[in-house]
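Notes for the one structure printed next.
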Amino acid sequence: MATEETDTNGDGLADALGVDSHSAGEAVGMPQLDFSSFPNQIFWLVITLVVIYLILNRIALPRIASVLADRAGAISNDIAAAEDLRNKAVEAEAAYDKALVDARAEAQKIIADAKADIQKDLDVATSHAEAEIAAKTAESESRIAEIRDGAIDSVREVANDVAKEIVSVLGQKADANTIKAAVEQRIKS
Amino acid sequence: MTGDIVQMGAYIGAGLACTGMGGAAVGVGHVVGNFIAGALRNPSAAGSQTATMFIGIAFAEALGIFSFLVALLLMFAV
Amino acid sequence: MAEDAAEGGLNIHPMDQFVVKPLFGGTEVNWYTPTNVTLWMALAVLCVVLLLVVGTRGRAIVPSRIQSVAELAYGFVYKMVEDVTGKDGLKYFPYIMTLFIFIVFSNFLGLLPMAFTTTSHIAVTGVMAMAVFLFVTILGFVKNGAGFLSVFWISAAPLVLRPILALIEVISYFVRPVSHSIRLAGNMMAGHAVIKVFAGFAVVALISPVSIAAISAIYALEVLVSFIQAYVFAILTCVYLRDALHPHH
């Protein structure tokens, strides 16, 4: 790439440092400042860099880039597939939920029906029982009334007799009708 | 001991030039220390600034390298 | 330095590992001579091929171990270029990837015992930095014309300061290739030299455990530094590229 200009650069550096290129590093000091080996190193460096560049640019980098792109593609495909599966799972879950809700509603309906039936039966039985109870009550009340009426008549008779006796004992003639009216009045009050 | 006074001066100068590397060391330590202090305050921003830290280190170090270069030139090129 | 240390029983030559030697005998190093530079650069190319070409041979959707490392490297550099330079910098991604992968492998191969570290040579890093510098400068002028000069004119600063800042910016702009190259070469060279110095101390029985422990510690540090320096080289290239593409910041 830049062999000539870098060569001159190396020599220029040597000149600038005021060092004789061939005497500096032979015996003493740093091999790095031995300018006689510079052309050799630069030559092989340039060759090496060009070779590496060609290898990278022609073979390695496109291949790695394509592998990375393939992987990214595969990953995004897989993600899309996973997304699909997830959606399917969500749908299945929704269907299952719906079935569950339906079943629950059905069960609710059946329970309600059964309850209604039972209620009906219960109502019928209750009304029967109530009618019976009412009949019995009425009968009992009529008998109680009869007994009471009987009792009142007896009381009246007894009261009339007692009053007539009391009046006759007091020595007066008692009018039956007057006594009866007075007793009647007393019982009423 | 052999050698002339010029060589002695060159060697002393080379040794003195090496003290410049201490300055570079202080500089690099300062950069990294401040980076870590900042990174501990805001760790989420640290990752994106690592490259900046290395650039800063490189610039701080460059000046130490000049003293190294001076030392080398005095040792071998004067 | 190296030859002075020979006295006193210790025979430390920390710089010998950096000497460029012809592979097949002889001492003459012509520009075409196959040297240890050639060998280790060829090994770097081999590693690149093994990782990025052979490793990804399967093109598997579910990657093998090597393939995922290759993809990791690709993604790392790609994201770095995208984050730092923006979308329009992705056109230059192959160049930055080339630099990054070469530096990473050279650094790591250089850590093998007996290895030669190609990136520890200023010639190598200097050529790369100079290539980046020239490329970025030419690209800046081609893309923006004279508007590229606004990279030196900081409109956020007070008007009085701007000429001074412009001067500083110009200097720092032209210093870029120097710091860019010497940073990498210096780090590599210093680390390896220090390991060699400690290895030289290991021959003294008294301190050899300390020395071996120190070598292990520094080796671990060097593994880290190898990667970080490659990263820094690449990210600075991205920063320079961003300046060229968007000089108005």
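Computed from a predicted structure; not experimentally measured. Convention: sequence-line order gives letters A, B, ...; per-chain numbering from 1.
Under the 4.5 Å side-chain criterion, counting only non-hydrogen atoms from C-beta, B:I55 is in contact with C:I235. Between B:F54 and C:L236, the closest side-chain pair of non-hydrogen atoms is not below 4.5 Å.
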(request) Would you please test B:F68 and C:M189 for side-chain contact (heavy atoms from CB on, under 4.5 Å) and show each step? (result) CA-CA 12 Å; B:F68 179 63; C:M189 176 175 41; 3.9 Å; yes
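Surrounding OH of C:Y78 are at most 12 heavy atoms belonging to other residues, nucleotides or ligands under 6.0 Å away.
In this structure, B:I57 CD1 and C:Y231 OH are separated by 9.5 Å, a value rounded to the nearest 0.5 Å.
A distance-only check finds a donor-acceptor pair linking the side chain of C:R183 to the backbone of B:A58 [under 3.5 Å].
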